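Chain letters run A, B, ... following the sequence lines, proteins first, then strands; residues in each count from 1. For clarity, every value in this text was computed on a predicted model and none was experimentally measured.
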Protein chains: 2
Amino acid sequence: MDPHPNRNRAAVLARALASAPTTRTALAEATGLSPATVSRMVDALIGEGLLQETAEVSSGRRGRRATLIEVVADGAVVAGVDLGASSTRIVLADLLGEPLHRRTCPTPTDRGAEGLATWLADEVVAAGRGLTDGLAAVAVGLPGAVRGEDRTVSSAPNLPQVEQPGFLDVLEKRLGPCLDLDNDSNYALLGEQRFGAARSARTAVMLTVGAGLGAGVALEGRLLRGRNGLVGEFGHLPVGPLGTPLEHLVTGSGIMRRAAELGMDIASPAALFAEDADGQLVAMRRHVEHALLVVLTAAVVSYEPDMIVLGGRIGRSLTPHLPELRENLRRIVPSAPPVVPAQLSDLSGALGAAVAALHRVYLGLGLADHDLVGVPSPRALGSAVGDGPVTGSGAES
Amino acid sequence: MDPHPNRNRAAVLARALASAPTTRTALAEATGLSPATVSRMVDALIGEGLLQETAEVSSGRRGRRATLIEVVADGAVVAGVDLGASSTRIVLADLLGEPLHRRTCPTPTDRGAEGLATWLADEVVAAGRGLTDGLAAVAVGLPGAVRGEDRTVSSAPNLPQVEQPGFLDVLEKRLGPCLDLDNDSNYALLGEQRFGAARSARTAVMLTVGAGLGAGVALEGRLLRGRNGLVGEFGHLPVGPLGTPLEHLVTGSGIMRRAAELGMDIASPAALFAEDADGQLVAMRRHVEHALLVVLTAAVVSYEPDMIVLGGRIGRSLTPHLPELRENLRRIVPSAPPVVPAQLSDLSGALGAAVAALHRVYLGLGLADHDLVGVPSPRALGSAVGDGPVTGSGAES
DNA sequence: CTCATCTGCTTTCAGACTGAACGTATTGAA
DNA sequence: TTCAATACGTTCAGTCTGAAAGCAGATGAG
């Protein structure tokens, strides 16, 4: 018996997933295995229906044409869900991570924990209706901290239902055992790393500045999940006057409260970042930006990321001020990485969740943990953001 | 050919290193390999001179007695060096990580880069004189940030010589290729994790508060080294008035400067933490402690460590105030881990460097990266801190 | 004392996997 | 046309592994 059963099989499959259409020779080179072994494994995987030969490639070079090998994309469909405090987004993707279907609906916040879970499960199942084999895995991003061990949720003030144990129970019963839960910021980072701004960054931090201050951290392509889902939550830093948490300084609710205290009347936090902001607003903006600078510095010196991605509503409003922000950051830490806005807008969470769901499937196919780094392969997202089936792909019915 | 050559051999060796005297049966259970394979590997390793059978164990149970297997401790000797701004410490250790010899000497700060390197190499070689095969590996901890890629050193204001390329060149030429360089705080953490306060903590942060503010971070037993050696350097956080770096608030020089500004005359930063401190001193202490609280919070939310170790001169002075500090930390982050003082005093850096040097040797023996977690096995340090050969062990001549 | 029994280790053996080498197919250049 | 170059597939000997059986040493019951 081989002590590492299916090890090479998994390695070949992992490489096939990573670089979508390949040849046997390229796989052999990438995996370091001998051509013989690769050929055998490819044959076996074709036999299992996981791989298929597509066309022959006319490489321009002379010699026998290589046969293109591809993962059978419709071998499985997964769902990624971003359960937000105001709206919920569902993305279906095939085995290669190509989005098939998108759907956005308002979150029924008036329901209780179990009612919300039932609703969500129904929505996911409805989105996946018509698929031959149902959903192979589902991942749900939540606006709160998820403990890795027992998947209990905490710190979800904006959607407290998800903290109750009944929520998870119902969801698990309805969607099956292949259910992944995590912080929405973690998934958002995963999404941006595969489809968005952080495609070139193996080590990256995503900061979601909006109603709350969330963070996702990936080191060398792997999400860093603390035991309590606290990782990157720099909002707790007691840097304000009298030890006020930093979170109170940069989030929407904090800004509104502070404005009220100062006797200012602003419609939304975005007013601070408008071009025609007046003196008092600019002063307040500078306060917010300084607090953000603390967070950015913390992110840099904590993880030395290749990139920092800013998301969330306020994060988006900050886009025009990013060059200045980065300049200030460089003054503090000269080796600071680029700070870029998120590219996937509100979909990064759902897309990242789909990636996480895919990882569950990949693990089920025998891939090792480290094979998941960079799989599915990063790519720009073709079609525009919007609901409905993606043009040209399946998702019939 | 096996594609994973010596994989099982390395696994067996790793387990033998991790749990010092074992039996073949225990190794089989720990590695998950079959008894047959373990026996074969053990025989091979004995043939290579890496393992030896020692005594038979009388387990009390009936049946054949198990033969104890041990790593041949004197198969190699490594040196760990802590090159501090004021004093330099050298530790020799055997293959099992047992300290053989310790030595402390003042650092000749008046020398240039190459002179310092020459002196250091001579000291290390002198310490290792009389060993049969010389030193198998040497690790040197430096008071500065070490880039992983090219091992250039930066941010070493207290010992600027080490930043010059000549320092590394000479050291490498004199001590051979098996030379590991890193931040002294990283090594200090490694030392505390093997021999000191953090023995039970796989994920831990070490903060060295003294002339500077240093940090070492280990995640799941592995040191987290950023590309630029910045990891954990929360001293850069611009949380003071006008964006002053936090480092200026808690380090010795910062405290002295601040005291001078306030017209206070104190002999040393330790005066702040004395029991008979008067009102003004206490107020200043509280400032320092709040800054430290920011650092601790940052450490907790960045990595969710199992433990935070405080070292350095000021860190030691803080010991009586730790319960209070931790209470405040818990108020900010309820799940905060214990904050404990370093146990190894000034030797943690050198001992950790010895561990790092051992890791180099282990890698040379075929161990995989993940085998190094928890190897050599954590243990309390028997003899007291002091110079000279350790009682009962070799280190002759 | 004898013998069953238990535990630890070793040997045997069949099976699986692997890489090196070789064979085959395809193309383009000479 | 011939040949070289490239890509792929296949054969084969070698290596490693675990299951099972066997050997070795120790204990305790009768």
>> Looking at every heavy atom in both Arg227(A) and Asp306(B), which two are closest together, and how far apart are they?
In response: NH2-OD1, 2.8 Å
> Do Arg40(B) side-chain and dG18(D) base share a donor-acceptor contact under 3.5 Å?
Replying inline: yes
> With side chains defined as the heavy atoms from C-beta onward, is the minimum distance between Arg15(B) and Thr22(B) less than 4.5 Å?
Replying inline: no
> Expressed in angstrom and rounded to an integer, what is the separation of Leu27(B) atom CG from dT10(C) atom C1'?
Replying inline: 16 Å
>> Without decimals, in angstroms, what is the distance between Asp43(B) CG and dC9(C) P?
In response: 11 Å
>> Here's a test of your reading of the structure: between Ile69(B) and Gly63(B), which maps to the more 5' nucleotide of DNA chain C?
In response: Gly63(B)
> Which one, dT17(D), dT11(C), dT10(C), comes nearest to the side chain of Ala36(B)?
Replying inline: dT11(C)
> Counting side-chain heavy atoms from C-beta on, which of dG9(D), dG19(C), dG8(C) comes nearest to Ser34(A)?
Replying inline: dG19(C)
> Does the side chain of Arg9(B) come within less than 4.5 Å of Leu50(B)'s, by heavy atoms?
Replying inline: yes
> Does OP1 or OP2 of dT27(D) have a side-chain N or O of Arg65(B) closer than 4.0 Å?
Replying inline: yes
> How long is the line joining CZ of Arg7(B) and P of dT17(D), in whole Å?
Replying inline: 11 Å
> Separation of Glu56(B) atom CD from dT27(D) atom C1', in whole Å?
Replying inline: 14 Å
> Roughly, in whole Å, what's the span from CD1 in Ile46(A) to C1' in dG9(D)?
Replying inline: 12 Å
>> At 4.0 Å (heavy atoms only), tell me whether Ala66(B) reaches a base, stays on the sugar-phosphate, or touches nothing.
In response: sugar-phosphate
>> How many whole angstroms separate atom CZ of Arg62(B) from atom P of dT5(C)?
In response: 9 Å
> Looking at dG9(D), dC6(C), dC9(C), which one has an atom nearest to any side-chain atom of Glu53(A)?
Replying inline: dG9(D)
> Whole Å only: how far is the CE atom of Met41(A) from the C1' atom of dT10(D)?
Replying inline: 15 Å
>> For dG25(D), does the base pair up with any side-chain atom of Arg64(B) as donor and acceptor (N or O, under 3.5 Å, distance only)?
In response: no
> What heavy-atom pair brings Ile69(A) and Glu53(A) nearest, and what distance separates the two atoms?
Replying inline: CD1-CG, 3.9 Å
>> So, does Asn8(B) get its side chain near the phosphate of dT17(D), meaning an N or O under 4.0 Å from OP1 or OP2?
In response: yes
> What pair of heavy atoms forms the shortest contact from Gly196(B) to Gln343(B), and how long is it?
Replying inline: C-OE1, 3.3 Å
> For Leu33(B) and dT17(D), what is the distance between atoms CG and C1' respectively, to the nearest whole Å?
Replying inline: 9 Å
> Any side-chain N or O of Arg24(A) less than 4.0 Å from the OP1 or OP2 oxygen of dG9(D)?
Replying inline: yes
> Between dG9(D), dT10(C), dG19(C), which nucleotide gets closest to the side-chain atoms of Ser39(A)?
Replying inline: dG9(D)
> What nucleotide among dT17(D), dT10(C), dA26(D) has an atom nearest to a side-chain atom of Thr37(B)?
Replying inline: dT17(D)
